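Note that the coordinates shown come from a computational prediction; the quantities given were computed from them, not determined experimentally. Every chain is numbered from 1 and lettered A, B, ... according to where its sequence line falls, protein lines coming before strand lines.
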Amino acid sequence: MISIRNIVKQYAGYRALSDVSLEVETGTVFGLLGPNGAGKTSLIRIINQITAPDSGEVYFNGERLGRHHVERIGYMPEERGLYKKMEIGEQILYLAQLKGLSRSEAIRRTKYWFEKLEIQAWWNKKIEELSKGMQQKAQFVATVLHEPDLLILDEPFSGFDPVNAEIIKNEILELNRKGATIIFSTHRMESVEELCDSIALLNKSHKLLDGKVRQIKDSFRNGTYTLEYEGARVNAGADAPFDVVSEETPDSRHRLTLQMKPGTAPNDALRYMLPLAAITHFEEKVPTMNEIFISTVNKMSGHE
Amino acid sequence: MNKILLIIEREYMSRVKKKSFIVLTILVPLLFIGMFAFIGYLAVKGDELGDEKRVQVIDETGSFTGKLQNTSSITYVYTQDRFADARNTFRDKGYNFLLHIPPESSPAPVELLSDKKPSATTIEAIESGLSHIAEAERLRAAGIDTAVLAKAQKRIDIKAKQITEAGEKDAQTYTAYAVGFLSAFLIYMCLFIYGTQVMRGVIEEKVSRIVEVIISSVRPFQLMLGKIIGVGLVGLTQFVLWIVISVVLSMAGGTFMAGKAKHRMEQTMPAKAQEQMQQVQQMQTPDNSMAQIMESIESIPVVYTLSCFLFYFLFGYLLYSAIFAAVGSAVDNETETQQFMLPITLPIIFTFALAQSFIINNPDSSLSVWLSMIPFTSPIAMMIRIPFGVPAWQLALSMLLLVLGFVGTTWVASRIYRVGILMYGKKASYKELAKWFMYRD
């Protein structure tokens, strides 16, 4: 869908993107992750052709990115905004027409979306008269109305209350099922981790790593498990197939964090514990994106 | 192209539909006409409206008694009372003033007593009345016939004629003054009013953050141009409506007033006053008749002046509003615009100040010519000069330079604008604007 090749973007005082390359496959949900100031918004603006890179190219479905592609992209910026004094219905029609929809088609689709999100009663209200959540819904409708092939959402769930965030999340996933490619950009990595097929981690203008979420997580597995049991405390000896990293007893249960010894399998740990305790919970401790990010950053700075 | 039309439509409709636009469009002509009507009314009826002043006169010389002319606001009543007594009693007798003229042998000055400060016009009226009588008295004493003198003192009016290829024609300098000043003033006002509207629109889009959504669909330049044209059309609409409403109102008002005045006159005017009226009418013809005013208005080449006005209004507006847009893009709120406003407003105010004092009196001086060539000053300066006649090559050159100036300014402004609208929360300096200008597309 989108192929980003060796993008460099330099601002007066700092470098926003240093030689960043990415592939976003058609039909996937892609997470662009990284802390504030990593270069996510700069990259998104380049894909949206709001700014141009100093060097490097962007390809859209194999074609060099051009003006005619803007009608196939829907963009919801981090800083949401609509005309405060304009009626919400008119406003969405205006934005849709700017994306190339005819007025009659825009009216038809806006009605559909307004009914779906239950905001049809607000058609003639001005934005400043609406609640924050209502404004966000309107903004979302404006973003997806022209049925873009590529949907770029910068910090999509910030500002939504949990109920509305869930509604919007489901709508986004439904669009994805219908074939739209989604790019999420966020600094709150845990918020989109479960939604994404692939991710890229950005930090200080550099791409740290990218790839399928499953593969990245697998490559960061380190044989750590969580085990919970009831009953008397078990003192794991040197013959155990694991080392106890940490041990806590929050209530009547004991919780162990285990590090498997080389050459052992998780089943060995269970086999060792079964005769000694009543096991209630056993799980591999998969690193979160946040942990992967931190460990990668640390590894990088260690190299420098 | 289609997208620019959409933007223009939105910018236009969202402003025209506003209550403030409708109110302003109706109110301004009403206020203007009302103001002029009031001033005219005061000028005509000022004397009658003013309170009547009764002056008690003690003339100890005897030569003024009965000679001071009563006017509509001043009535003189003569008395033989002694000054010392009258001084205490004139107020009780219902007089506002006590005028004391001491005998010629006395060194005391002529005195006007009152308990309130007399107005300057009252003092002047009494002074000139006294002076005239004294002057006539002395002339007569010297053996000069005042009737002969009155004839000798004829006021001379110059009739200015301009020699053109078509022959002589009336120069109509005063008409040129009025037309030049009015059109320059309108352009001056509009540069500010509509330029500021463009700036506010840009700030609104930036502050509400919608700008990022829009420029993911259209180029920043399209958005800027659409806004400028949209607001410009709002300005033109307002103009046309002002003119239409003013013309309709003044025509309706004129007919109404004239009918009423005539009606009243016939009803109430005594024979003597009607006689006076006839005299007045005789005096007015032929020099100051309505016909001459009409002739004077007809002497303006309407189509030529109006098309020049529209041209300079349009391109002057386009040039300045592009800068206003760039300023709007560089700030986060309106209060921050101050630092950038001076370089914009200075040439406008400077030209307008010069226009009223210098250019209008010296339309062909080299300074005037230069000012009417520089794109930043020409919309105002040239409009002052046009009614006085401008060589075709100067007009053509000035227009060409203005168009070039517009293209150049818009290019520079759009380069600042495209970066500025995405810069939040940073206070921009001139140095930064220059950097933005240099950024690659």
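Other residues, nucleotides and ligands place no more than 12 heavy atoms under 6.0 Å from the NZ atom of A:K111. Remark: B:M341 CE is packed, more than 12 non-hydrogen atoms of other residues, nucleotides or ligands lying under 6.0 Å away. The number of heavy-atom neighbours closer than 6.0 Å to CH2 of A:W113, taken from other residues, nucleotides and ligands shown, is above 12. Environment of CD in A:E118: sparse, with no more than 12 heavy atoms of neighbouring residues, nucleotides or ligands closer than 6.0 Å. Residue A:E105 places its CD atom among more than 12 non-hydrogen atoms of other residues, nucleotides or ligands, all under 6.0 Å distant.
Contact annotation for A:Q91: only side-chain heavy atoms (C-beta onward) come within less than 4.5 Å of a heavy atom of chain B. Interface residue B:S208: backbone and side-chain heavy atoms are both found under 4.5 Å from chain A.
Between the CE atom in B:M13 and the OH atom in A:Y94 there is a gap of 13.5 Å [rounded to 0.5 Å]. The structure places CD of A:Q139 at 12.0 Å from CZ of B:R209, a figure rounded to the nearest 0.5 Å. Separating the OG atom in B:S216 from the CD atom in A:E71 is a distance of 11.5 Å, to the nearest 0.5 Å. Atom CG in B:L6 sits 9.0 Å away from atom CZ in A:R103 (nearest 0.5 Å). A:T51 OG1 to B:R418 CZ: the interatomic distance, rounded to the nearest 0.5 Å, is 10.0 Å.
Listed options A:L95, A:V70, A:I127 were ranked by heavy-atom pairs under 4.5 angstrom with chain B; first place goes to A:V70. Heavy-atom pairs under 4.5 Å with chain B peak, among A:K84, A:R80, A:R67, A:K99, at A:R67.
Here the side chains of B:I214 and A:Y83 are in contact, with some heavy-atom distance below 4.5 Å. Considering only heavy atoms from C-beta on, A:K85 stays 4.5 Å or farther from B:K18 through its side chain.
Heavy atoms only, all atoms of each residue included: A:L82 and B:I210 are closest at CA-CD1, 3.6 Å.
Applying the salt bridge (charged side-chain N to carboxylate O under 4.0 Å, His left out) rule to B:E212 yields the partners A:R45; only residues at least two apart in sequence or on another chain are considered.
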Given the rule in the side-chain contact (heavy atoms from CB on, under 4.5 Å) test, do B:I7 and A:L98 qualify, once you have shown the distances and angles that lead to the verdict?
-> CA-CA 8 Å; B:I7 295 169; A:L98 284 184; 4.0 Å; yes
